[in-house]
Undergrad: 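Here it is, the structure, as structure tokens.
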Amino acid sequence: RRARVTSERLAFYAPELNARAAEALNLESRLRRAIERNEFVLHYQPKVGMADRRITGVEALIRWRSPDQPHLVPPGQFIPVLEECGLIGEVGDWALRQALADQDDWWSRGLVAPRVAVNVSPLQLRRPGFAESVAALTSGSSMAELELEITESVIMEDVERNIVALSAARDAGITVAVDDFGTGYSSLAYIAKLPVNALKIDRSFIVGMTDGPEGLAIVSSIIALAHALRLKVVAEGVETEEQARLLHLLRCDEAQGYLFTRPVPAADIVALLMQRKPLGGPK
Ligand code: C2E
Ligand code: MG
Ligand code: MG
Ligand code: MG
């Protein structure tokens, strides 16, 4: 009888497990094909100065134009898979090269090309010689202005080693921003030693900022900490005028969010750079 129960369980679980494994395998092979066929695209979301709402930089955000999907696939649905199957390095290198090529295109159109930020995954950062390989990408152009965005928890995971790698990047003129700041349990002892230029306040704190005094205190503390360490501070995910006004009052330097613009294709960035207007309606 026990044997029968076990086999029933097996019969119940096995097909489901197989289906899930098959789906993962399928996604992996579709992603391999996507690399071969250049199905990835970069969209860009501007960062604006808090005081004048003009573009100070842009962040590259990857999307997948999958032939099997009606809409662009967002990074949350495939970056983890690329990391698991060891393909993130290849796609990450592509994103770096593409972002620099787009910046080059903006220059060649006579536009004031903003600094371009590219998100870096932990596996990329840990690859030996990563900083040097990124430096080699920018060394061809005297115009290249590149920033790397690295999530706080990733920097803190192997902080001593990352300080060495990030210092090498900085020596090559590449700046570094700590992404999703406030979510990664930073050691304050290390924050001061990090060779970084900016802290990006995670969107969850911007959402909480207008909920009450505690939420406001967190954001104002992060801003004060950043400035005490002579770092620039950028607010992520600003959606309302109220948030933007408060952040300006709190002396936040820059912001990103749907209030100003959503991430847009490179061609739309060209249009925004040509207009040279403040983004996101009235101040
Ligand atoms: P992130 O770097 O923290 O990027 C911010 C995310 O918030 C983006 O989502 C952006 O579209 C979204 N966002 C911006 N403004 C607002 C707003 O006002 N409200 C709301 N609700 N969301 C806003 P996205 O594009 O889906 O990217 C998600 C994450 O995927 C990124 O988080 C980043 O960690 C990762 N990612 C994106 N591109 C790359 C890449 O090329 N390489 C790697 N390794 N990771 C990437
Ligand atoms: Mg980012
Ligand atoms: Mg972020
Ligand atoms: Mg975030």
Side-chain angles (χ1 to χ4, degrees), residues 31 34-35 38-48 53 57-65 71-102 115-127 130 134 137 146-155 175-184 196-210 222 232-244 247 254-266 268-269 279-281:
L31 284 167
I35 293 172
N38 285 312
E39 290 172 1
F40 296 105
V41 283
L42 292 183
H43 280 192
Y44 293 93
Q45 187 179 38
K47 300 176 184 178
V48 301
R53 301 195 180 179
V58 295
E59 177 178 5
L61 294 158
I62 198 168
R63 276 98 182 81
W64 176 20
R65 192 178 283 134
H71 304 292
L72 288 177
V73 183
Q77 287 178 27
F78 62 89
I79 292 277
V81 185
L82 290 173
E83 286 176 336
E84 264 167 46
C85 54
L87 295 170
I88 191 65
E90 233 175 296
V91 177
D93 285 347
W94 171 84
L96 284 162
R97 282 196 310 271
Q98 185 61 45
L100 288 167
D102 285 336
R115 179 174 295 268
V116 58
V118 178
N119 291 283
V120 171
S121 99
L123 292 172
Q124 275 177 285
L125 182 65
R126 282 181 204 130
R127 197 169 65 190
F130 170 72
V134 177
L137 289 176
L146 178 67
E147 183 154 276
L148 305 178
E149 291 196 7
I150 303 169
T151 300
E152 183 192 15
S153 55
V154 168
I155 295 186
T175 61
V176 179
V178 183
D179 211 343
D180 307 330
F181 188 79
T183 61
V196 301
N197 301 67
L199 302 184
K200 296 188 74 179
I201 308 173
D202 191 67
R203 190 175 81 85
S204 57
F205 300 109
I206 305 306
V207 170
M209 189 172 54
T210 43
I222 296 175
K232 196 171 71 176
V233 61
V234 184
E236 289 191 302
V238 175
E239 293 184 354
T240 69
E241 196 56 45
E242 188 187 8
Q243 291 166 341
L247 286 162
E254 296 180 7
Q256 259 180 310
Y258 295 168
L259 175 67
F260 310 107
T261 160
R262 288 177 177 259
V264 294
D268 294 13
I269 289 294
L279 300 184

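First listed ligand is number 1; within each ligand, the first listed atom is number 1.
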Undergrad: Within a distance under 4.0 Å of any heavy atom of D180, pick out the atoms of ligand 1 and give their elements.
TA: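 With D180 as reference, the close atoms of ligand 1 come out as 3 (O).
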Undergrad: So is there a nitrogen or oxygen of I62 less than 3.5 Å from a nitrogen or oxygen in ligand 1?
TA: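 N/O-N/O distance below 3.5 Å exists for this pair.
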Undergrad: Does only the side chain of S121 get under 4.0 Å from ligand 1, or the backbone, or both, or neither? Count heavy atoms.
TA: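 Both backbone and side chain.
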Undergrad: Could you pull out the atom name of the N/O/S atom in D179 that is nearest the Mg ion (ligand 2)?
TA: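 When I compare the N, O and S atoms of D179, OD2 is nearest to the Mg ion (ligand 2).
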Undergrad: With backbone taken as N, CA, C and O and side chain as the heavy atoms from C-beta onward, which portion of V118 lies under 4.0 Å from ligand 1: side chain, backbone, both, or neither?
TA: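 V118 to ligand 1: no contact under 4.0 Å from either part.
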Undergrad: Tell me which part of E236 gets within contact of ligand 1: side chain, backbone, both or neither, using heavy atoms under 4.0 Å.
TA: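 Only the side chain of E236 comes within reach of ligand 1.
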Undergrad: Can you name the closest pair of heavy atoms from E39 and W64 and give their distance?
TA: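 Taking every non-hydrogen atom into account, OE1-NE1, 2.9 Å.
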Undergrad: Quick one: look at Q256 and ligand 1, take heavy-atom pairs under 4.0 Å, and tell me if it's side chain, backbone, both or neither.
TA: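 None of Q256 does.
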Undergrad: So what does the E149 OE1 - the Mg ion (ligand 2) - E59 OE2 angle come to, to 10°?
TA: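 Seen from the Mg ion (ligand 2), OE1 and OE2 are separated by roughly 90°.
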Undergrad: Tell me whether R65 at atom CZ has more than 12 heavy atoms from other residues, nucleotides or ligands lying less than 6.0 Å away.
TA: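 At most 12 heavy atoms, drawn from other residues, nucleotides or ligands, come within 6.0 Å of this atom.
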Undergrad: Just to be sure I'm reading this right: ignoring hydrogens, which of L61, L72, N119 gets closest to atom 34 (O) of ligand 1? Compare them by their nearest heavy atoms.
TA: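 Of the listed residues, N119 has the closest heavy atom.
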Undergrad: State, to 0.1 Å, how close A99 and Y44 come at their nearest heavy-atom pair, and which atoms those are.
TA: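 That would be CA-OH, 3.3 Å.
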Undergrad: Check this for me, if you would: do E149 and K47 make a salt bridge, where the nitrogen-to-carboxylate-oxygen distance has to be below 4.0 angstrom?
TA: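 Yes, E149 and K47 are salt-bridged.
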Undergrad: If you count the atoms of ligand 1 from 1 in the order shown, which ones are under 4.0 Å from a heavy atom of D179?
TA: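 Going through ligand 1 atom by atom, the ones under 4.0 Å from D179 are 1 (P), 2 (O), 3 (O).
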Undergrad: I'd like to know: is the Mg ion (ligand 2) within the 2.8 Å range of an N/O/S atom from T151, strictly under that distance?
TA: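 Looking at T151, which is the residue asked about, there is no N, O or S atom under 2.8 Å from the Mg ion (ligand 2).
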Undergrad: Heavy atoms only: which of F78, F260, W94, Y258 is nearest to atom 16 (C) of ligand 1?
TA: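 The option holding the nearest heavy atom is Y258.
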Undergrad: For the Mg ion (ligand 3), find the closest N/O/S atom belonging to E236 and write down its atom name.
TA: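 When I compare the N, O and S atoms of E236, OE2 is nearest to the Mg ion (ligand 3).
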Undergrad: Examine distances only and state if a side-chain atom of E236 and a backbone atom of Q256 form a donor-acceptor pair shorter than 3.5 Å.
TA: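 It does not hold such a pair.
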Undergrad: Parallel, tilted or perpendicular: which describes the rings of F40 and W94, with under 30° parallel and over 60° perpendicular?
TA: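 Ring orientation of F40 relative to W94: tilted.
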Undergrad: Determine whether the side chain, the backbone, both or neither of E59 has a heavy atom under 4.0 Å from any heavy atom of ligand 1.
TA: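 For E59, the contact with ligand 1 is made by the side chain alone.
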Undergrad: What N/O/S atom of D180 gets nearest to the Mg ion (ligand 3)?
TA: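 The atom in question is OD1.
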Undergrad: Please give me the minimum heavy-atom distance between R115 and T175, naming the atom from each residue.
TA: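 It is NH1-OG1, 3.1 Å.
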Undergrad: N/O/S of D202 less than 2.8 Å from the Mg ion (ligand 3)?
TA: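 No, since none of the N, O or S atoms of D202 sits under 2.8 Å from the Mg ion (ligand 3).
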Undergrad: If you round to the nearest 0.5 Å, how far is CD1 of I206 from CD1 of I222?
TA: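 Answer rounded to 0.5 Å: 7.5 Å.
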Undergrad: List the steps and the verdict of side chain to side chain donor-acceptor pair (under 3.5 Å) for E83 and S121.
TA: CA-CA 8 Å; E83 286 176 336; S121 99; 3.3 Å; yes
Undergrad: Could you tell me which atoms of ligand 1, counted from 1 in the order shown, lie closer than 4.0 angstrom to a heavy atom of I79?
TA: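 Matching atoms, with element in brackets: 42 (N), 43 (C), 45 (N).
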Undergrad: Can you find an N/O atom of R203 closer than 3.5 Å to an N/O atom of ligand 1?
TA: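 Yes, there is a polar N/O contact under 3.5 Å.
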Undergrad: Between E59 and K200, does any NZ, NE, NH1 or NH2 come within less than 4.0 Å of an OD or OE carboxylate oxygen?
TA: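 Answer for the salt bridge query: yes.
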Undergrad: With a cut-off of 4.0 Å, which atoms of ligand 1 are near a heavy atom of G257?
TA: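 Numbered from 1, ligand 1 contributes 15 (N), 18 (O).
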Undergrad: For ligand 1, which atoms sit closer than 4.0 Å to a heavy atom of E239?
TA: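 Near E239, the atoms of ligand 1 are 17 (C), 18 (O), 19 (N), 20 (C), 21 (N).
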Undergrad: So, for F181 and E152, which heavy atoms are closest and what is the spacing to 0.1 Å?
TA: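 The answer is CE1-OE2, 3.4 Å.
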Undergrad: Should the pair E241-R53 be classified as a salt bridge under the 4.0 Å nitrogen-to-oxygen rule?
TA: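 R53 and E241: salt-bridged.
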Undergrad: Heavy-atom pairs closer than 4.0 Å: do any link ligand 1 to the side chain of H43, the backbone, both, or neither?
TA: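 None of H43 does.
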